[in-house]
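Note that the structure is predicted; figures quoted are calculated from it, not measured. What you see below is based on every heavy atom in this structure, not just the backbone, and it leaves out hydrogens, waters and symmetry mates.
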Amino acid sequence: AVLLGGVDGPVAPGSRVPAFTFPEQAAAVLGRSFAYARWRADEATEPDDVVRPVDPKAAHVIITAALNAAPDVTVGSPADAPPEDGSDEPGDIHVDVSTQRRLLATYGIEMARAIESTPSTAVADALDIGFPIAVKAVRRRAGRSARAGVALDLGSDADVVEALAVMRDSLGDDADDLVVQAMTSPGVDVRIRCDHDDRLGAIVTVGLGGAQADAIDDRSSRLAPVSPATATTMLRETRLSAALATADLDSSSLVDAVVLAAQLASDHPAIAELDLNPVIVSDAGAVVTDALIRLTRHITDDAPLRRLE
């Protein structure tokens with residue numbers, strides 16, 4: 001009810017009808033009510049019988065060990081060189097590939113097996129992993145070719161040697177640091193990124209992935225942690241829903257990956273940045289093939305504003 005020229009209600013003594021002095025106030029409340037109802041329908045937490053393999057204690061042990069093992073400067077594998085935008089804080093570290101895989105596994109996030117390698121050990125590492133494999137230069141160029149620093153579907157020792165020669169010719173010394181990784185099934189490239197805000201806590205973003213993810217700028221963000229319903233809504237807000245439907249792929253494995261990544265970042269404020277790109281979604285599930293995980297010692301005392309119980 002709008003009581004023009006009067007005070008803010010009630011309409012009658014004891015009435016539960018909301019009363020306002022101006023129509024604008026009433027319209028704003030109706031708008032908020034509609035938005036809340038839409039959120040309840042799309043994103044409110046629903047009963048979830050799925051038990052996800054989450055082990056916060058194991059993750060904490062890995063994070064603590066990585067922080068204690070590194071000096072108070074930005075260090076890590078060559079694959080995780082500090083960004084040029086100066087976003088790292090003194091004392092931050094970028095964890096290596098093996099640590100990335102172990103940490104993600106504590107929250108049930110699958111990452112393709114990978115080994116940090118060099119030209120002299122790449123063949124042996126490929127044999128250890130088992131063909132077919134991919135060889136990636138740590139400091140690579142945009143694109144998916146050996147000349148860009150990414151050689152895919154290598155099926156033999158000879159293929160590895162040939163790919164390394166092409167990389168050396170194209171990249172020079174940048175081909176010295178490599179990652180040898182098991183191939184995954186082809187599918188849709190997705191990017192799941194979590195950043196830590198000092199006041200809000202973790203923020204999770206999902207969208208189309210790959211080398212051009214920033215240029216495409218297809219993304220949806222929420223405060224972490226998120227429910228499966230919210231993760232599903234995030235996919236619908238991007239081109240991912242259409243891409244998965246076109247490829248006739250089930251989105252459930254990706255929804256799980258978004259939920260688990262958001263929970264990992266939310267549970268552990270020491271994770272300043274968690275960037276999984278690409279996560280390849282296929283009939284085999286959602287598999288991380290490249291990751292950047294940045295840890296920080298500089299954790300604020302203030303807890304995030306919300307928790308998902």
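- At least one side-chain heavy atom of Ile115 sits less than 4.5 Å from a side-chain heavy atom of Ile129.
- Within 6.0 Å of the CG atom in Asn68, the count of heavy atoms belonging to other residues, nucleotides or ligands exceeds 12.
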Practice problem: Apply the test salt bridge (charged side-chain N to carboxylate O under 4.0 Å, His left out) to residues Asp174 and Arg141: give CA-CA distance (whole Å), side-chain angles for both, the deciding distance (0.1 Å), then the verdict. | Solution: CA-CA 10 Å; Asp174 284 346; Arg141 313 291 185 261; 3.2 Å; yes
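- A donor-acceptor pair is defined here as one N or O able to donate and one able to accept, closer than 3.5 Å; no such pair exists between the side chain of Asp128 and the backbone of Ala124.
- Formation of a donor-acceptor pair under 3.5 Å by the Thr64 side chain with backbone atoms of His60 is found in this model.
- Val54 is listed as a side-chain neighbour of Leu260, based on a closest heavy-atom distance under 4.5 Å.
- With rounding to the nearest 0.5 angstrom, the CG atom of Asp250 is 11.5 Å from the OG atom of Ser282.
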Quiz item: Under the salt bridge (charged side-chain N to carboxylate O under 4.0 Å, His left out) criterion, do Asp290 and Arg191 qualify, and how do the steps go?
Solution: CA-CA 10 Å; Asp290 272 310; Arg191 184 180 194 179; over 6 Å; no
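- With hydrogens and angles disregarded, a donor-acceptor distance shorter than 3.5 Å links the side chain of Ser170 to the backbone of Arg147.
- To the nearest 0.5 Å, the span separating OG on Ser227 from CD on Gln263 amounts to 12.0 Å.
- Using a distance-only test at 3.5 Å, with no hydrogens or angles considered, a donor-acceptor pair links the side chain of Thr246 to the main chain of Ala242.
- In this structure, Arg168 pairs ionically with Asp173, as a charged nitrogen and a carboxylate oxygen lie closer than 4.0 Å.
- Using modelled atom types, one finds no donor on one side chain facing an acceptor on the other under 3.5 Å when comparing Asp256 with Ser253.
- Contact of the Ile133 side chain with the Val160 side chain is registered, since non-hydrogen atoms from C-beta on lie closer than 4.5 Å.
- Closest heavy-atom contact between Val259 and Ala231: CG2-CB, 4.0 Å.
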Practice problem: Starting from the C-alpha separation in whole Å, work towards a yes-or-no answer on side-chain contact (heavy atoms from CB on, under 4.5 Å) for Leu104 and Leu264. | Solution: CA-CA 8 Å; Leu104 293 175; Leu264 171 61; 4.1 Å; yes
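- Residues Leu208 and Val258 are members of one and the same hydrophobic cluster, defined by side-chain heavy-atom contacts under 4.5 angstrom among Ile, Leu, Val, Met, Phe, Trp and Tyr.
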Quiz prompt | Candidate pair Val279 and Val287, rule side-chain contact (heavy atoms from CB on, under 4.5 Å), full reasoning | solution = CA-CA 5 Å; Val279 180; Val287 181; 5.9 Å; no
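- In this structure, Arg139 does not pair ionically with Asp176, as no charged nitrogen and carboxylate oxygen lie closer than 4.0 Å.
- The backbone N or O of Gly210 sits less than 3.5 Å from a side-chain atom of Asn277, completing a donor-acceptor pair.
- Of all heavy-atom pairs between Ser221 and Thr205, the closest is OG-OG1, 2.7 Å.
- Formation of a donor-acceptor pair under 3.5 Å by the Thr121 side chain with backbone atoms of Ser117 is not found in this model.
- Taking each heavy atom of Ser266 and Pro225 in turn, the nearest pair found is OG-CD, 3.3 Å.
- If you take CD1 on Ile93 and CD1 on Ile63, they are separated by 9.5 Å, rounding to the nearest 0.5 Å.
- Leu30 and Val2 fall into different hydrophobic clusters, where Ile, Leu, Val, Met, Phe, Trp and Tyr residues are linked whenever their side-chain heavy atoms come under 4.5 Å apart, directly or through other members.
- Note that OG of Ser251 is 9.5 Å distant from CZ of Arg236, once rounded to the nearest 0.5 Å.
- Contact annotation: the side chain of Ile192 approaches that of Val204 to within less than 4.5 Å [non-hydrogen atoms, C-beta and beyond].
- A 4.5 Å side-chain heavy-atom check between Asp157 and Phe131 finds at least one atom pair inside the cut-off.
- The line from OG1 of Thr118 to CG of Leu178 is 7.0 Å long, rounded to the nearest 0.5 Å.
- Shortest non-hydrogen contact noted between Pro269 and Asp267 is CD-O, 3.5 Å.
- Leu295 and Met111 fall within a single hydrophobic cluster, where Ile, Leu, Val, Met, Phe, Trp and Tyr side chains are chained together by heavy-atom contacts under 4.5 Å.
- Between Asp195 and Arg193 there is a salt bridge, since a side-chain N of the basic residue sits under 4.0 Å from a carboxylate O of the acidic one.
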Quiz prompt | Evaluation steps, side-chain contact (heavy atoms from CB on, under 4.5 Å), between Glu116 and Asp125 | solution = CA-CA 9 Å; Glu116 290 184 347; Asp125 292 335; over 6 Å; no
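- Atom-to-atom distance recorded for Cys194:SG and Glu273:CD is 10.0 Å, nearest 0.5 angstrom.
- Side-chain contact between Met183 and Leu154 is absent, with no heavy-atom pair separated by less than 4.5 Å.
- When each of Val188, Val190, Val288, Thr184 is paired with Ile280, the side chain to side chain contact (heavy atoms under 4.5 Å, CB included) condition holds for Thr184 and for no other.
- Counting heavy atoms from C-beta on, the side chains of Ile293 and His94 never come closer than 4.5 Å.
- Both Leu67 and Leu274 are part of a single hydrophobic cluster, where members link through side-chain heavy atoms under 4.5 Å apart.
- Ring geometry for His268 versus Tyr107: interplanar angle over 60°, hence perpendicular rather than tilted (30 to 60°).
- Placement of Leu276 and Leu244 within a single hydrophobic cluster is found when ILVMFWY residues are connected by side-chain heavy-atom separations under 4.5 Å, directly or transitively.
- Nearest heavy atom pair, residue Val97 against residue Ala114, reads CG1-CB, 3.5 Å.
- Panel note: side chain Arg140, backbone Ala137; a donor-acceptor pair is recorded below 3.5 Å.
- Using a 4.5 Å heavy-atom threshold, the side chains of Arg101 and Arg113 count as touching.
- Formation of a donor-acceptor pair under 3.5 Å by the Gln181 side chain with backbone atoms of Thr289 is found in this model.
- Across Leu152 and Ala134, no two heavy atoms sit closer than the pair CD2-CB, 3.7 Å.
- With Thr106 contributing its side chain and Leu103 its backbone, the two residues share a donor-acceptor pair below 3.5 Å.
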Exercise. Begin from the C-alpha positions of Thr230 and Thr233 and carry the test side-chain hydrogen bond (donor to acceptor under 3.5 Å, both in side chains) through to its verdict.
Key: CA-CA 5 Å; Thr230 297; Thr233 299; 6.0 Å; no
